[in-house]
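Worth saying up front: this structure is predicted, and the values here are computed from it rather than measured. Basis for what follows: all heavy atoms, side chains included, without hydrogens, waters or symmetry-related copies. Note that the numbering runs from 1 along the sequence shown for the chain.
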Amino acid sequence: MKNFQIIRALSSKSAVSSIAKENSAMFIAGGTNLVDLMKKNVVAPDKLIDINGVDLKKIEFLTGKVSIGALAKNSQVAEDKVIKEKYPLLALALAAGASQQIRHMASVGGNMLQRTRCSYFYNTDMPCNKRVPKSGCGAIGGSNRMHAIFGASDSCIAVHPSDMCIALAALEATVLVEGPKGKREIKFTDFHRLPGNTPEKDNTLLEKEIITSIEIPTNNFTKNIHYLKVRDRSSYAFALVSVAVGLDIQNNTIQDARLAMGGVAHKPWRLTEAEEFLKGKTVSEATFKKAADLAMKGARSYGDNDFKLTLGPNAITEALTIAASK
């Protein structure tokens, strides 16, 4: 790891002002991903701007929504009594991520910005268009068991690793950011990008912008919800496939539905066609299997991850069944 300087910002305005002056600087909060990237020389900033002193840690329950500061710890949100009551899908997804120690360190904003865990991205001796544009994608034709089956391109088949983000996509969160040009809001489903021809760009943040908070609207997904994470071991492992489900069921009829998948795309993968199909349908195994089939339209595997074409619909059906049974 090369030498670097560190400075501390005490407000979002000073953080933005500080990074705007630097050509090679990055924000650091919990550092649970960034420090690993620096150790591997995947990124090598000259300066780190420590934003832990910025007042962005609050969880505020407002009329019609909850506001969660970008520096709130994953464990703080997951264990909040009101979050567990009113937004239980988010609490479940957070609890499924990483380890307890990492959840105590990792921030909500950092979770959103974490990089892929593709082994080619982390190995600087291997080609990776995300790390070095136009160098090639080693995973295509290489080891790709963990990789995408939706939304990939000839430039990149990496997946987004977050569990929390899958729930936030399903819950239609909004991201609030601040930068040199002022403040703006981004729909959560528009925040992360598909790789296309520019896989080095993970999200739609503009240069020098900082996430200040996320907002989640009030919803009826408080009972019939489930977060299913299929992984190689029961803790501290990234998803092969994950499914976030929220159902609003009245008299055995689905009034509303939210579905999103993780471990399958470069961004949280919202299953809108399956959601629309479920609305107005009676709860049944046949209904859930049909929804799962619709959700898998357009899926493509790359060899080692062929199993995801079977695991995906099975996981969706199981997650829907568990959610409906609560």
Side-chain angles (χ1 to χ4, degrees), residues 1-6 19 22-49 97-99 101-102 105-106 110-163 165 192-205 207 231-233 235-242 262-269 300-308:
M1 184 189 294
K2 79 171 190 179
N3 291 333
F4 59 89
Q5 293 180 309
I6 188 164
I19 204 167
E22 305 292 338
N23 291 324
S24 178
M26 301 181 74
F27 295 124
I28 186 168
T32 56
N33 185 210
L34 177 58
V35 172
D36 285 344
L37 293 169
M38 293 172 66
K39 287 179 178 178
K40 295 284 188 179
N41 289 312
V42 176
V43 297
D46 293 321
K47 185 174 289 187
L48 294 179
I49 300 170
S99 65
Q101 295 92 331
I102 290 176
M105 288 296 295
N111 190 318
M112 292 167 58
L113 296 174
Q114 65 178 303
R115 308 301 301 274
T116 183
R117 294 319 196 274
C118 173
S119 59
Y120 295 94
F121 176 69
Y122 272 79
N123 187 342
T124 55
D125 292 327
M126 300 298 289
C128 173
N129 288 319
K130 180 178 287 296
R131 178 172 31 81
V132 181
K134 303 188 185 305
S135 63
C137 176
I140 297 177
S143 177
N144 50 45
R145 182 170 178 270
M146 301 291 291
H147 289 68
I149 56 174
F150 293 113
S153 72
D154 291 339
S155 296
C156 181
I157 60 172
V159 299
H160 192 267
S162 175
D163 293 293
C165 290
H192 297 97
R193 299 165 53 108
L194 292 177
N197 295 320
T198 54
E200 69 275 12
K201 297 180 180 179
D202 288 346
N203 55 65
T204 55
L205 279 177
E207 190 175 6
R231 47 188 164 177
D232 287 325
R233 56 181 184 268
S235 67
Y236 197 35
F238 296 100
L240 295 168
V241 168
S242 65
V264 296
H266 197 261
K267 61 182 289 183
W269 195 252
R300 174 193 174 188
S301 61
Y302 291 86
D304 292 346
N305 69 347
D306 290 350
F307 69 94
K308 289 191 180 186

When you measure from the side chain of [X] to the backbone N and O of [Y], does any donor-acceptor pair fall under 3.5 Å?
X	Y	value
Thr116	Val159	yes
Ser242	Ala239	no
Asp306	Gly303	yes
Tyr120	Asn129	no
Arg117	Tyr122	no
Asn305	His147	yes
Lys130	Pro195	no
Asn111	Cys165	no
Lys308	Ala148	no
Arg300	Ala152	no

Original post:
Between Arg145 and Asp232, is there a salt bridge with N-O shorter than 4.0 Å?
Top reply: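 Here Asp232 pairs with Arg145 in a salt bridge, since their nearest N and O are under 4.0 Å apart.
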Is any side-chain heavy atom of [X] closer than 4.5 Å to a side-chain heavy atom of [Y]?
X	Y	value
Phe238	Pro161	yes
Thr124	Arg131	yes
Thr198	Arg193	yes
Asn33	Leu37	yes
Cys118	Met146	no
Leu113	Asp202	no
Ile157	Cys137	yes

More than 12 heavy atoms of other groups within 6.0 Å of [X] [atom1]:
X	atom1	value
Phe307	CZ	yes
Asn123	CG	yes
Lys2	NZ	yes

So which atom in [X] and which in [Y] form the shortest heavy-atom distance, rounded to 0.1 Å?
X	Y	answer
Ala44	Ser24	O-OG, 3.9 Å
Gly141	Asn144	N-ND2, 4.1 Å
Ala25	Ile49	CB-CD1, 4.4 Å

Nearest 0.5 Å, what's the [atom1]-[atom2] distance between [X] and [Y]?
X	Y	atom1	atom2	result
His160	His266	NE2	NE2	8.5 Å
Lys40	Phe121	NZ	CZ	12.0 Å
Asn23	Lys47	CG	NZ	11.0 Å
His192	Asn203	NE2	CG	6.0 Å
Glu200	Cys128	CD	SG	10.0 Å

**OP:** Evaluate the side chain to side chain contact (heavy atoms under 4.5 Å, CB included) criterion for residues Ser143 and Asp304: first the C-alpha distance (whole Å), next the side-chain angles of each, then the deciding distance (0.1 Å), finally the verdict.
**Re:** CA-CA 7 Å; Ser143 177; Asp304 292 346; 4.2 Å; yes
**OP:** Test Phe27 against every option in Leu48, Leu34, Ile19 by the side-chain contact (heavy atoms from CB on, under 4.5 Å) rule and name the one that passes.
**Re:**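 For Phe27, the side-chain contact (heavy atoms from CB on, under 4.5 Å) check succeeds only for Ile19.
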